[in-house]
Amino acid sequence: MIISSRFIREYYEYLKKDKLGLTGAIIVMIFIFLAVFAPYIVPYPADAWGYAYNIEQRLQPPSLAHPFGTDVYGRDVFSRVILGSRFSLIIALGVVSIALLIGVVLELFAGYLGGRIGTFFMRITDMFLAFPPILLALLFAVVIGRGLLNLIISLSLAWWPWYARLTYVQVTTVKNMPYIDAAKIAGINTPTIIFKYILPNSLTPVTVQAFLDMGAAILEAAALSFIGIGVQPPNPEWGLMISEGWYLIGVAWWISIFPGIMLFLVVMAFNFLGDSFREFNNPKVRRLLESRGI
Amino acid sequence: METLLTVDDLKISYKSGNYYIKALDGVSFEIKEGESLAIVGESGSGKSTLGMAIARLLPPNAIIEKGRIVMKDIDILNSKPDSIRGKLISMIPQEVGTALSPFHKISTVFEDVMASENKATNILNEASKILAFLGFKDPERILKSYPHELSGGMLQRVLLALAIIKRPYLIIADEPTSMVDAPLRINIVEILNAVRKEFNISMIIITHDIAITPHLCDNIVVMYAGKIMEYGKAKEIIDNPLNPYTKLLINSIPRIKTATRFEVIERKNTQIQFYKGCPFADRCESFMKGICDITIPRYTSLGNRKVLCHLYNDKK
């Protein structure tokens, strides 16, 4: 399987040499730490969840008490930005894993069976691929309603065809490899061949793509929240916070700017990490590493 | 000895677009229990197709037009592939480097192969016994390694162990000596002979290397353009080839001491389905105008041997 201790150790050795990838990995780790422990480390938990209103402290510029200032209801922007990472992490993981599950399972069978059934599934996938994912996600979000869970569902429904396409191509290649024929003739039964031999050997490009898509999923979720059909107030989602502050940008720039910077940093970090992961999975780079004795 | 496998008038074509390309054109032969048979021929002669048909590994565009393959009263072509593979027939693939999944340890593959068998036997013990028989000094380490940690020769022996662990009646080896160095070739021939003796397994050796066949096989089938050109005992064929194509093959064996020059005539008509007479007519040295290019030759039996050539049709 692709997740093995040997694999993680090799990737760690590779990251030590890849500075951009290392930066990405550090930022992503901080982001995950913040997302997990946010409610316990923020200075104003009630502000962060959006329950408290301190009208007398509204629109205060950044200060020691409020490092990122306060918003239009007097809530601490710093606490809200930190807690916002939790929403973004849930969205990133949720969207990518649901989309992966749908895409990989569907096309594993379509690719293995091939023929008319495979073509049928691929044409359905092509129908989805004809639209930009944000447009489809918008449509689904409008149909099934607002909220965090519905946002994740609608984004994943728009996202799976990309993984499906990749998996299909890979499965059709792998199923004709000599080791699949060898496994068949040695007498290994068909379910074992599909799940234990074809699946892990087909997953590498899809996992790389999933890594790269984490940042994009956060960005698109923020976009949907920004136009008001994603996460609902008073939850501190970054896109939503930018949208809450953008009409005051001339008066209180800090309400929108700080969530924007966080969004930028995290998406960039995921892209760096995804790029380095893709490089690492490139066979030529791997061969180079092996020759260096890693 | 009892007959193990009977191939009867097998005709297979490949569909490519609107064309049908003939791969096998009426092939019949028999294998007895414990016998080893070599299928010799050049690329495109249909020898791999024959092997794949017996192992039920034909690609989807192959069409079986006619014929039967019967083994132990089981009709191979009409039974479920899963019931045949491993238990009745096993195969050693040609490209050993890609014949094992890069994500799995050797032990995992052995366990998966034996998954449907009786659980009481210890699979890994059994596997290491066979690996030790095949000449590995530390089979435990081999079982723990990934395929990329082993050399080509080691992988080939591992694949042989995988093929015989279920004790099939027949093993098909596709070009067993093509991927290894000359000294290792002898080694593989010895191992295959030892396996045949120890486990009483019949073998089909598909090869274009006619030089190894007398050391490895009892009988030889020489194929050309989907037809059997000559069939007989290995030593007799090597010593005294009857068919002009077999003569060409044996003269082509490179020898170090006596560098003989020989002329290989290239095939003029590459699309083999368009011949009218003998398929080998356009390259044959003993080509007889008015006979070879018009009429299809018949099989002539000379003792144990069967030859497809006009030269012997008249000598009845």
Side-chain angles (χ1 to χ4, degrees), chain A residues 1-10 108 111-119 170-207 281-284 286-291 293-294, chain B residues 48 51-52 54-61 80-105 108-117 146-149 155-156 158-168 170-174 179:
Chain A
M1 197 57 206
I2 194 162
I3 311 291
S4 67
S5 60
R6 184 172 69 94
F7 184 82
I8 291 169
R9 199 176 62 238
E10 277 178 9
L108 182 63
Y112 182 76
L113 294 173
R116 288 188 182 191
I117 301 168
T119 316
Q170 199 64 19
V171 168
T172 45
T173 318
V174 168
K175 78 168 180 184
N176 291 324
M177 292 296 280
Y179 53 76
I180 299 300
D181 274 350
K184 274 184 195 165
I185 190 66
I188 300 177
N189 58 21
T190 314
T192 316
I193 285 181
I194 294 179
F195 289 109
K196 206 164 166 184
Y197 288 80
I198 295 181
L199 182 61
N201 281 305
S202 314
L203 273 186
T204 310
V206 187
T207 38
N281 273 292
N282 187 336
K284 282 183 189 163
R286 288 291 287 277
R287 200 55 52 76
L288 208 68
L289 291 180
E290 281 159 15
S291 70
I294 292 177
Chain B
S48 287
M52 286 193 287
I54 297 170
R56 289 296 304 273
L57 274 178
L58 284 174
N61 65 335
K80 277 171 84 184
D82 282 352
S83 63
I84 297 163
R85 292 166 175 166
K87 277 185 184 171
L88 292 181
I89 301 172
S90 208
M91 191 166 185
I92 312 169
Q94 181 178 0
E95 288 168 36
V96 289
T98 49
L100 284 166
S101 166
F103 280 107
H104 297 93
K105 285 184 181 170
T108 318
V109 184
F110 272 105
E111 278 163 0
D112 288 340
V113 168
M114 295 296 281
S116 56
E117 298 295 297
Y146 285 93
H148 70 265
E149 294 164 340
L155 282 177
Q156 194 155 36
V158 167
L159 285 163
L160 180 60
L162 272 175
I164 59 181
I165 193 163
K166 275 190 168 180
R167 305 292 153 85
L170 177 70
I171 292 181
I172 301 168
D174 196 351
M179 309 294 278

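Just so it is clear: chains get the letters A, B, ... in the order the sequence lines come, proteins before strands, and each one is counted from 1. All figures in this text were calculated on a predicted structure; none of them were measured in a lab.
Counting heavy-atom pairs closer than 4.5 Å to chain A, the top residue among B:L162, B:V113, B:I172 is B:V113. The choice from B:Q94, B:R85, B:K87 that makes the most heavy-atom pairs within less than 4.5 Å of chain A is B:R85. Note on B:P147, B:P102, B:A99: by heavy-atom pairs under 4.5 Å with chain A, the leading option is B:A99.
Between A:Y179 and B:S101, the shortest heavy-atom distance links the atoms CB-N, 3.6 Å. Closest approach of A:A186 to B:K166, counting heavy atoms only: O-CD, 4.2 Å. The minimum heavy-atom distance linking A:Y197 with B:T108 is given by the pair OH-O, 4.1 Å.
Neither the backbone nor the side chain of B:A163 comes within contact range of chain A; no heavy atoms are under 4.5 Å apart. Using a 4.5 Å cut-off between heavy atoms, B:L100 contacts chain A through its backbone alone, with no side-chain atom that close. Looking at B:V109, both its backbone and its side chain come within 4.5 Å of chain A, counting heavy atoms on both sides.
A distance of 5.0 Å separates CG in B:L57 from CG in A:D181, rounded to the nearest 0.5 Å. Note: A:I185 CD1 to B:I89 CD1 = 7.0 Å, rounded to the nearest 0.5 Å.
If you run side chain to side chain contact (heavy atoms under 4.5 Å, CB included) between B:D112 and each of A:I193, A:N189, A:I188, only A:I188 comes through.
The side-chain heavy atoms of B:R56 and A:K184, taken from C-beta on, include no pair separated by under 4.5 Å.
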